[in-house]
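This report concerns only the one structure given below.
Positions are given from 1 along the sequence.
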Amino acid sequence: MNEKLVNYLTKKCGFDEVRVEPLVYIKFPDFAFGKSLLFAPTLEFNSISRYLQQVRYQEFSSYSQWSFNTFDTFLYDVKRVVDRASKDAEYGYLTKKKLDYIARKRKLSDSIFDELGTKTVIIEGKAGTGKTMELMNMASRKIESGGNVLYLTYNTLLVNDVAKTLKHRQNALLNANQKLVEKGQAELQVKVGELSVSTIHYYIYHLVKSLGITLIINAERIQELISNLQTRTAEVVRFLNNNINPAENFNPNFLRTLIQNNPQFSKELKEAGILLINFLEKKRYDARYPLAKNVDFFVQDRTKFLLKNFQNEVFISDYHNVLNETLKALRNTNDFYDEYKVETKGELLKNHFNLDNEDVASFSRITFSKKISKRVISRLRKRTVFVDEAHDCTKIERDILMAVFKPHNFAVTSGGKEQLIRTGELLPWSVSSGFNHPSKTFKKENRTFRMKSNVVHLVNFIAKKFNIDINLTPDSTDDTGTLTFDFRPTSEENMKSIVSEFYNKGFLNGYSPYESLLFLIDSRTDHKGNKEKEEDKLVITEDNNIAESKGYRRQWQFTEALNKNDGFFLWNGTGSDKNNLPLPQSLDARLIYYESCRGLEAHTVLCFALDQYFHHKSKDDEASLYLLNDMFKTDEDRKNAYAITAVLMALTRAIDSLYINIKEEHTLLGKILLEYAALFPEKVKLLKS
């Protein structure tokens, strides 16, 4: 974050040189200060300015010394930053267009909105036909009418986009209410609904965790680990009590050596002893005080850490089974209670469910049912659930959500078979747990409001080559957009020229960098380093087969070239630490893997090594499992259908301009694009060496 802040202040705010100094705020009744320490009742501008006047830095902004005489110029510097940040925080053209769409409420929306709360509402449509906007429109109107909204989708970046748009509308309503209060017209206020936006995985994980499912179904394994922890620690402590002298300082290196060289200790016991010594060292254990309390704290700390992280690991690796057991606990709580002997698991679950001593001794059926029911009820909050990209849900995900919220409280979008990415079969939403329920489907026309006509024409051409039914129609043919096919070797010089052209085009049309540029790369092409893939992870499939999940994450060799620009910051979502990144902001252009692009859009989408992505997807284990209930002539046809579906997902992210980089002309996708360029030269800018 420091580096990003420095770049922002130098590139955007005009400071020649910037050094970021840490400041730790400590809430305290009186004002006091130390180097990088501020004690004050509240953290506000006045307390910070007072701190800056009294603490002397060797350099601050452009000044060699910080003194009271030069302090007044600080206000000018602050204004420079605030003015620039305000400008950068403005919504770009794309977000404004979404807000305008929501405000205008198309006619179809009225008929859909009338059905909310009475049956499952299903909005069907091809890529770019406005399904997500329709769903956001419904969610916005629900908030405006005082209803609470839970909006779920699969893509973390899409969650950010949806939340930003809906939150803007919600804030506008709240601000309007505040103005009425200020005018003394509080009685005219309207009720504004609550908003929660999340990925489906995140929401279901926390639901499962709150119900204690993973703790219960894996109780034996957890108890085994806790028992090992307790018995091994106790044996190590007996050894330590004979080797720690209270009159001397605690010596961790000496004790580790004793443990390592103790012939009476097994390898497992030596490991347990070293882990305990490491813990005591970090906690700065003092040998003058009893060891027992510190050891108890170690056991408690390790137990809590186990319970917290074990749930996550089991949830990921045995996902479908965990969800099946969760549904059982929701629909047949008594059967679940008997099957897993919950009565005997009070000790394990005492902290999770806040059990009293009586329930710890014997966790009764009634108490367990009440605990489950209470935690489900706490999630309802009279919410309507909106699920985007619902065609890619699994049956068990759908059934769990409907078991909690009931089918009539759902509105979902479905894109059809050609938009399947995550699963191999299309999921119906008029059914849950094997039973039909009232539903109504609204079909969007094959008219796309996202893509310009040239992009649409290319998408239709490629889809037809693979016998995929898309047949999109552009909303307008007046503005055709641009197609660029680049068969040249990727280089920093070529990259700079291409990116500059598309960035300036988006800028002139009022798009922020976030809205303007989306860079898509293949996770297995043009990377630095020798690491071919991350460690394979165990996956138990929906049909209880043992499989593995392969992860490919290495640094793309052209990342630095993208960083060398004056127009935007690069938000790199391809690193192994992407979950720890702050969410991208308006000045950030996104760099992500193809697999992460679902639901996103940008004025210009740049697809690098697209032919290699198609090739790699066709070779994935999942490719032969695609649409198993459908007939294909050959396994190769099925694999190609799977791969081109992923490619089309990427192409349909573009609004105006689509740049496609091809590594090898003779690849299947390379040949198709050359054929297209030959047939329609007026639509394509073809770049070749």
At what distance, to the nearest 0.5 angstrom, does [atom1] of [X] lie from [atom2] of [Y]?
X: Gln557; Y: Thr559; atom1: CD; atom2: OG1; answer: 9.0 Å
X: Phe33; Y: Ile26; atom1: CZ; atom2: CD1; answer: 14.0 Å
X: Lys164; Y: Ser586; atom1: NZ; atom2: OG; answer: 7.5 Å
X: Ile592; Y: Ile521; atom1: CD1; atom2: CD1; answer: 9.5 Å
X: Met133; Y: Met138; atom1: CE; atom2: CE; answer: 10.5 Å
X: Leu240; Y: Ile259; atom1: CG; atom2: CD1; answer: 5.0 Å

Please check: side-chain N/O of [X] versus main-chain N/O of [Y], any donor-acceptor pairing under 3.5 Å?
X: Gln230; Y: Val299; result: no
X: His352; Y: Lys209; result: yes
X: Tyr151; Y: Ala139; result: no
X: Asp301; Y: Phe297; result: no
X: Asp359; Y: Asp356; result: no
X: Arg375; Y: Ser210; result: yes
X: Ser145; Y: Arg141; result: yes
X: Asn155; Y: Ser596; result: yes
X: Ser140; Y: Met136; result: no

Test salt bridge (charged side-chain N to carboxylate O under 4.0 Å, His left out) applied to [X] - qualifying residues, sequence neighbours left out:
X: Glu347; answer: Lys350
X: Arg381; answer: Glu194
X: Glu560; answer: none
X: Lys371; answer: none

Exercise for the section: Take atom CZ of Phe507 as the centre, draw a 6.0 Å sphere, and report whether it contains more than 12 heavy atoms from other residues, nucleotides or ligands. Expected result: no
Practice task
Look at atom CZ of Phe31 and say whether more than 12 heavy atoms of other residues, nucleotides or ligands are closer to it than 6.0 Å.
Solution key: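 For Phe31, atom CZ is crowded (more than 12 foreign heavy atoms under 6.0 Å).
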Of all residues at least two apart in sequence or in a different chain, which pass the side-chain contact (heavy atoms from CB on, under 4.5 Å) check with [X]?
X: Asn351; value: none
X: Phe28; value: Asp30, Phe39
X: Val237; value: Thr233, Asn241, Leu276, Leu291, Val295
X: Arg302; value: Leu229, Phe298, Phe305

Exercise for the section: Given side chain to side chain contact (heavy atoms under 4.5 Å, CB included), test Thr156 with Tyr202 step by step and report yes or no. Expected result: CA-CA 10 Å; Thr156 301; Tyr202 182 87; over 6 Å; no
Problem - Minimum heavy-atom distance Arg653-Gly599, with the two atoms named - result: NH1-N, 3.3 Å
Exercise for the section: Work out which heavy atom in Tyr154 is nearest to a heavy atom in Thr199; give both atom names and the distance. Expected result: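 Taking every non-hydrogen atom into account, O-CG2, 4.0 Å.
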What pairs with [X] under side-chain hydrogen bond (donor to acceptor under 3.5 Å, both in side chains), at least two apart in sequence or on another chain?
X: Thr132; result: Asp388
X: Thr303; result: none
X: Asn253; result: Arg256

Measuring only between side-chain heavy atoms, which start at C-beta, is [X] closer than 4.5 Å to [Y]?
X: Tyr514; Y: Leu587; answer: no
X: Thr165; Y: Asp161; answer: no
X: Ser196; Y: Arg383; answer: yes
X: Ile655; Y: Tyr511; answer: yes

Problem - side chain to side chain contact (heavy atoms under 4.5 Å, CB included) between Ser36 and Val24, worked out - result: CA-CA 6 Å; Ser36 299; Val24 178; 5.6 Å; no
Handout entry: Criterion salt bridge (charged side-chain N to carboxylate O under 4.0 Å, His left out) on Arg232 and Glu271, from CA distance to verdict
Key = CA-CA 10 Å; Arg232 291 171 182 173; Glu271 183 179 74; 5.7 Å; no
Exercise for the section: Write out all pairs satisfying side-chain hydrogen bond (donor to acceptor under 3.5 Å, both in side chains) with one or both partners inside residues 171-192, taking only residues at least two apart or from two chains. Expected result: none
